Amino acid sequence: MSALPPKRESFGSKFGVIAAAAGSAIGLGNIWRFPYVAGENGGAAFIILYLAFVIAIGIPVMLSEFTIGRRAQQNVYGSFRKLAPNRPWYLIGIMGVVAAFMILAFYTAVAGWTLEYIYQAITGGFNGKTPGELNNMFDSFTSGTSRPLIWFFVFMGLTAFIIMAGVKNGIEKSTKILMPLLLIILVILIVRSVTLPGAAKGISFLFKPDFSKIGASTVLEALGQAFFSLSIGMGTLVTYGSYIQKSDDLGSTAFSVAMTDTFIAIMAGLAIFPAVFAFDITPGYGEGLVFVTLPNIFQQMPGGTIFSIMFFLLLGVAALTSTISVLEVIVAFFVEELKMKRKAATYLATFSVSLLGIMCVLSTSSMADFKIFGFTVFGLMNFTTANILLPLGGLLIVIFVAWFFGRDKAKDELTNGGKLKALYLPVFMFIIKYVAPLAIAFVFLQGLGLINLK
Ligand code: TRP
């Protein structure tokens, strides 16, 4: 009697796969980062460039990750071990797990802020505050210790709770509910925003191309944003790919996920900028846009309380479906490589991420002066993942599929053993062999400051 290994979990439906993967992709990167980056870089001109990168490079990298994961049916480390036994490619997997720790630590810190802001929105905390007071509110919240820590742990707890329930009952079930909810909230916010008097200025800020702002640095900015936003480069989508059923079409899945992610990013811009301009506020950038500028708008707007609750709920939901995808990378690794039970693996992952996470949370308060290479812990995690680990991971992943795994096996996986056509295959191979590695290498070198195309 041979003991069969326990059956590996998988997503139950194609909609489930798309909800989960789009849930990973759609996050703070879309709703918080994309709008202001697009706004700063020529609006529509940037968006056109971004779209080109998503299609020409993002989708091929995403497809490469899905191909690796579904072929190997393993966590990111195990996948490379299995597809390339006794070769050093598994280092990509180790890098992916390390990146997952780092991303989860700082990302959950910001995700925790969204909970504070949901709370403030519900209790009318923005009402009657001047822009200066709202600024102080953000500063005094982030420079405190207990509140940001509590919200961090609540968010980690929510993430762990979903992951513990498993792939089908946790990840798939929750994203199938949360993603449509996210879409509904976003549509309501867009309708509110674009119907405000004076909204047109914001629409043209976002959609009127200003090609004079496009330079070499913009090009690289667009590519970097595409990577972070699509959740590519560290094996999140290798892990999710390993749960995609053998009968699903990987090509159309990657296409739908990438398009949904891009669509939501543009929609987020449409929800934010018309309102910003309607109230004649100079768009504040970065953290300030969402946590300072928007509360200022909400409290001047009729029905602002309800819209502010919706907005921060939207941000929290978007972040949650992303944090679960990152935690799953670590948990799948612990389960399969350390032979742990899912529950124990989740506890261990959550506990160890939290050690790093606490330092990220405290980076705006008691640990603000604790610097490594001139960065706070938060800054270091943010910089190292986005500018080093993701591009490097993405680069190695496409090189692996194009030059080691090879066309024949890739074709077999992408056509489901010959059942599908996959007419895009020659283009896909060309891109992952030449175009993507070169383009990614540029971003990588630029990100590290080793070259400076300005
Ligand atoms: N894509 C998410 C966002 O836009 C963040 C994210 C989730 C991520 N998983 C990732 C980024 C993996 C890079 C790699 O907010």
Side-chain angles (χ1 to χ4, degrees), residues 19-38 50 53-54 58 61-62 64-66 69 75-76 92-93 95-111 113-114 155 159 162-163 171 175 178-179 182 186 222-241 254 257-258 260-269 286-287 290 314-333 353 381-397 440 443 447:
S24 170
I26 297 164
L28 299 172
N30 302 60
I31 299 167
W32 167 68
R33 194 170 190 274
F34 179 84
Y36 79 84
V37 174
Y50 177 82
F53 281 144
V54 167
V61 176
M62 185 180 280
S64 301
E65 292 203 24
F66 281 161
N75 66 88
V76 60
I92 305 175
M95 217 170 75
V97 175
V98 170
F101 269 94
M102 297 168 68
I103 291 181
L104 201 51
F106 82 85
Y107 199 89
T108 309
V110 180
W113 300 352
T114 69
F155 211 95
T159 307
I162 294 173
I163 287 304
I171 299 173
T175 52
L178 294 174
M179 295 315 286
L182 181 142
L186 191 56
L223 190 60
Q225 172 66 20
F227 259 68
F228 190 83
S229 189
L230 294 172
S231 295
I232 53 185
M234 52 148 284
T236 297
L237 299 180
V238 172
T239 308
Y240 273 14
V257 170
T260 311
D261 183 64
T262 307
F263 176 75
I264 297 286
I266 295 169
M267 290 300 111
E287 292 162 6
V290 164
L314 171 77
L315 205 56
V317 165
L320 183 61
T321 56
S322 296
T323 52
I324 58 175
S325 74
V326 187
L327 184 59
E328 179 62 21
V329 171
I330 307 173
V331 169
F333 171 77
V353 167
M381 299 302 118
N382 189 354
F383 178 86
T384 318
T385 52
N387 292 332
I388 301 176
L389 297 178
L390 296 185
L392 191 59
L395 179 67
L396 295 172
I397 286 167
I440 299 166
V443 182

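Predicted model only: the values in this text are computed from it and were never measured. Indexing begins at 1, ligand by ligand and atom by atom, following the structure's order.
Atoms of ligand 1 found under 4.0 Å from any heavy atom of Leu390 (numbered from 1 in listed order, with element): 13 (C), 14 (C). Against a heavy-atom cut-off of under 4.0 Å, Val326 is close to the following atoms of ligand 1: 7 (C), 9 (N). Applying the 4.0 Å criterion to heavy atoms of Met234 picks out, from ligand 1, the atoms 12 (C), 14 (C). Residue Ser229 has at least one heavy-atom neighbour below 4.0 Å for each of these atoms of ligand 1: 1 (N), 4 (O). Each of the following atoms of ligand 1 lies closer than 4.0 Å to a heavy atom of Leu28: 15 (O). Counting the atoms of ligand 1 from 1 in the order shown, those under 4.0 Å from a heavy atom of Ala25 are 1 (N), 2 (C), 3 (C), 4 (O).
Here the options are Val97, Leu104, Val98, the test is side chain to side chain contact (heavy atoms under 4.5 Å, CB included), and the partner is Phe101; only Val97 passes.
Taken to the nearest 0.5 Å, the CG atom of Leu392 stands 10.0 Å off from the CD1 atom of Ile440. Taking CE of Met267 as the start and CG of Leu186 as the end, the distance is 7.5 Å to the nearest 0.5 Å.
Checking Ser24 against Thr236 by side-chain atom types alone, no donor-acceptor pair falls below 3.5 Å. Between Asn75 and Thr239, the side chains place no donor N or O within less than 3.5 Å of an acceptor N or O (distance only, hydrogens not considered).
Considering both main-chain and side-chain atoms, Leu230 never comes within under 3.5 Å of ligand 1 through any nitrogen or oxygen pair.
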Stepwise ring pair (Phe, Tyr, Trp, His ring centres under 6.0 Å) test for Tyr240 and Phe66: CA-CA 7 Å; Tyr240 273 14; Phe66 281 161; 8.6 Å; no
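Considering only non-hydrogen protein atoms, atom 7 (C) of ligand 1 sits nearest to Ser231 OG, 3.3 Å. Looking only at heavy atoms of the protein, atom 12 (C) of ligand 1 is closest to Thr236 OG1, 3.4 Å. If you check which protein heavy atom lies closest to atom 11 (C) of ligand 1, you get Phe228 O, 3.3 Å.
Judged by distance alone, with hydrogens and angles left aside, the side-chain atoms of Thr385 form a donor-acceptor pair with the main-chain N or O of Asn382 at under 3.5 Å.
For Phe53 and Phe227, the ring centers are positioned 6.0 Å apart or more.
Contact annotation: Tyr107 has at least one heavy atom less than 4.0 Å from an atom of ligand 1. The closest approach between Ser24 and ligand 1 falls below 4.0 Å for a heavy atom of the residue.
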